[in-house]
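The structure under discussion appears below in the form of structure tokens.
For this chain, numbers begin at 1 and follow the sequence in order.
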Amino acid sequence: MNYSTHNTLLYVEDLSVAYGEKTVIKNVNFVEKDVVRENNVTGQVIAFVGRSGRGKSTLFRAMTGLIKPTTGKILIADTDTASENDAKEVHEGDIGFVDQKYTLFRNKTVYQALLFALRKKDISKEEKHETIMSYLSDWGLEKVKDQYPNELSGGQRQRTAIIEQILCSGHYMVLDEPFSGLDVGNIEDVKKAFDLITSTHEFNTIIYSTHDIELAVELADSIYVIGYPTIDGKKEEYGTIVKHFDMKELNLAWKDFGLDHIEIVKQIKTAMLSS
């Protein structure tokens, strides 16, 4: 499938996070570029997999500016400027973060929460209303716009949390275990949400972690395995990227899940078990 890559959207160099004496992640390096396919708006979907306790959540907290890295840097494209090559260091709020609990304001309705997410945007009241109604319509939430979080289903809460983050942070979205504990119907809803995000803008980039390797292989066009590296025959006790699968290069991105995908699932399992 023909595609080309253009300007860098996400650049992580020599990233490490330590709490006191304990190094949680170290030597994390990766670059993700804007993927362009002809006649097709194509956002990026990047999955992180790895065994529990290998530092995925810590990496995500660093990438979203919630914690300061001990070393290294995280840059994203500065999409507010005209120049293609402008990059900026990540600060809290630049990358949306949806945690496993889909945390929402208890005292705000869906509509009020989304209006609050747009508070820093320099657009008129009417434009804000139109933007919100358009998202609610696309995401099937029009009927619940005046309801509070405790009146929503898990799937509705998750979709509201995702839209909230899109509205306040722009093109980048990190989701920590978005498929965890969901039933089949809700999983399909999240897949649709991914499609909606990536088909809305070229720069839209979803970064997510999952324990479901099949879902990583089915949905992502780039997959990173986080694990403990073995150096000089000794397994270290910090997380880093131990393997990268570029599904685009493997000609498996944007395709229905098939036998070739199952082969990648096996390779990922092997990489996880040895790290």
Would [X] and [Y] count as having a side-chain donor-acceptor pair, cut-off 3.5 Å?
| X | Y | result |
| --- | --- | --- |
| Glu202 | Thr42 | no |
| Thr70 | Ser16 | no |
| Glu130 | Tyr135 | no |
| Ser180 | His211 | no |
| Thr131 | His129 | no |
| Ser124 | Glu127 | yes |
| Lys33 | Thr8 | yes |

- Task: Step by step, work out the side-chain hydrogen bond (donor to acceptor under 3.5 Å, both in side chains) result for Lys235 and Thr230.
- Result: CA-CA 4 Å; Lys235 190 183 271 191; Thr230 299; 5.7 Å; no
Shared hydrophobic cluster, [X] / [Y] (ILVMFWY, side-chain heavy atoms < 4.5 Å):
| X | Y | value |
| --- | --- | --- |
| Leu118 | Ile166 | yes |
| Phe116 | Tyr111 | no |
| Val225 | Ile262 | yes |
| Val31 | Val90 | no |
| Leu75 | Phe30 | no |

Residue pair [X] / [Y]: nearest heavy atoms and the distance that separates them:
| X | Y | value |
| --- | --- | --- |
| Ala220 | Ala47 | CB-CB, 3.7 Å |
| Glu164 | Ala113 | OE2-CB, 3.5 Å |
| Gly227 | Val242 | O-CG1, 3.8 Å |
| Ala193 | Ile162 | CB-CD1, 4.5 Å |
| Gly55 | Val24 | CA-CG1, 4.1 Å |
| Ile74 | Pro69 | CD1-CG, 4.3 Å |

- Run the side-chain hydrogen bond (donor to acceptor under 3.5 Å, both in side chains) check on Glu32 and Ser222 step by step: do they pass? CA-CA 9 Å; Glu32 288 291 340; Ser222 186; 2.6 Å; yes
[X] side chain vs [Y] backbone, donor-acceptor pair below 3.5 Å:
| X | Y | value |
| --- | --- | --- |
| Tyr172 | Leu9 | yes |
| Thr64 | Phe97 | no |
| Thr58 | Ile25 | no |
| Gln158 | Gly155 | no |
| His261 | Leu252 | yes |
| Asp221 | Val45 | yes |
| Arg54 | Arg51 | no |

- Pairs in or reaching into residues 50-69: which pass ring-ring contact (aromatic ring centres under 6.0 Å, His included), with residues at least two apart or in two chains?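 Listed by first then second residue: Phe48-Phe60.
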From [atom1] ([X]) to [atom2] ([Y]), nearest 0.5 Å:
| X | Y | atom1 | atom2 | answer |
| --- | --- | --- | --- | --- |
| Asp122 | Lys128 | CG | NZ | 8.0 Å |
| Ser274 | Lys243 | OG | NZ | 9.0 Å |
| Glu188 | Asp183 | CD | CG | 10.5 Å |
| Phe179 | Asp189 | CZ | CG | 10.5 Å |
| Lys248 | Trp254 | NZ | CH2 | 6.5 Å |
| Thr210 | Leu175 | OG1 | CG | 11.0 Å |

If you define the side chain from C-beta out and look only at heavy atoms, does anything of [X] sit under 4.5 Å from [Y]?
| X | Y | answer |
| --- | --- | --- |
| Ile226 | Leu59 | yes |
| His171 | Thr205 | no |
| Asp176 | Ser57 | yes |
| Lys73 | Leu15 | no |
| Leu10 | Ile207 | yes |
| Glu214 | Asp212 | yes |

- Query: Can you check side-chain contact (heavy atoms from CB on, under 4.5 Å) on Ile268 and Val217, steps first, answer last?
  - Reply: CA-CA 9 Å; Ile268 291 174; Val217 170; 3.6 Å; yes
- Query: Hey, would you say the Phe194 and Tyr208 ring centroids sit under 6.0 Å apart?
  - Reply: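 Between Phe194 and Tyr208, the centre distance is under 6.0 Å.
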For residues 136-154, which side-chain donor-acceptor pairs fall under 3.5 Å, sequence neighbours excluded?
unit_1	atom_1	unit_2	atom_2	d
Glu151	OE1	Tyr148	N	2.7
Ser153	OG	Gln156	N	3.1
Ser153	OG	Gln156	OE1	3.4

- Report, as yes or no, whether the 6.0 Å neighbourhood of atom CZ on Arg106 holds more than 12 heavy atoms from other residues, nucleotides or ligands.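 It does not: Arg106 CZ has 12 such atoms or fewer within range.
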- Task: State whether the number of non-hydrogen atoms from other residues, nucleotides or ligands found under 6.0 Å of Lys125 atom NZ is greater than 12.
- Result: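 Counting neighbours around NZ of Lys125, 12 or fewer heavy atoms of other residues, nucleotides or ligands fall under 6.0 Å, so no.
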- side-chain contact (heavy atoms from CB on, under 4.5 Å) assessment of Val110 paired with Leu114: CA-CA 6 Å; Val110 170; Leu114 299 183; 4.3 Å; yes
- Message: Check Glu218 with Lys191, please: is the shortest side-chain N to carboxylate O separation under 4.0 Å?
- Response: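 A salt bridge links Lys191 with Glu218.
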- Decide side-chain contact (heavy atoms from CB on, under 4.5 Å) for Asn204 and Gln44; before the verdict, give the C-alpha distance in whole Å, the side-chain angles of both, and the deciding distance to 0.1 Å. CA-CA 6 Å; Asn204 283 2; Gln44 293 59 233; over 6 Å; no
- Run the side-chain contact (heavy atoms from CB on, under 4.5 Å) check on Asn29 and Val12 step by step: do they pass? CA-CA 5 Å; Asn29 296 280; Val12 176; over 6 Å; no
- Task: Could you tell me whether Lys26 sits above the aromatic face of Tyr238, with NZ or CZ closer than 6.0 angstrom to the six-membered ring centre and within 45 degrees of the axis?
- Result: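 Cation-pi check for Lys26 and Tyr238: passes.
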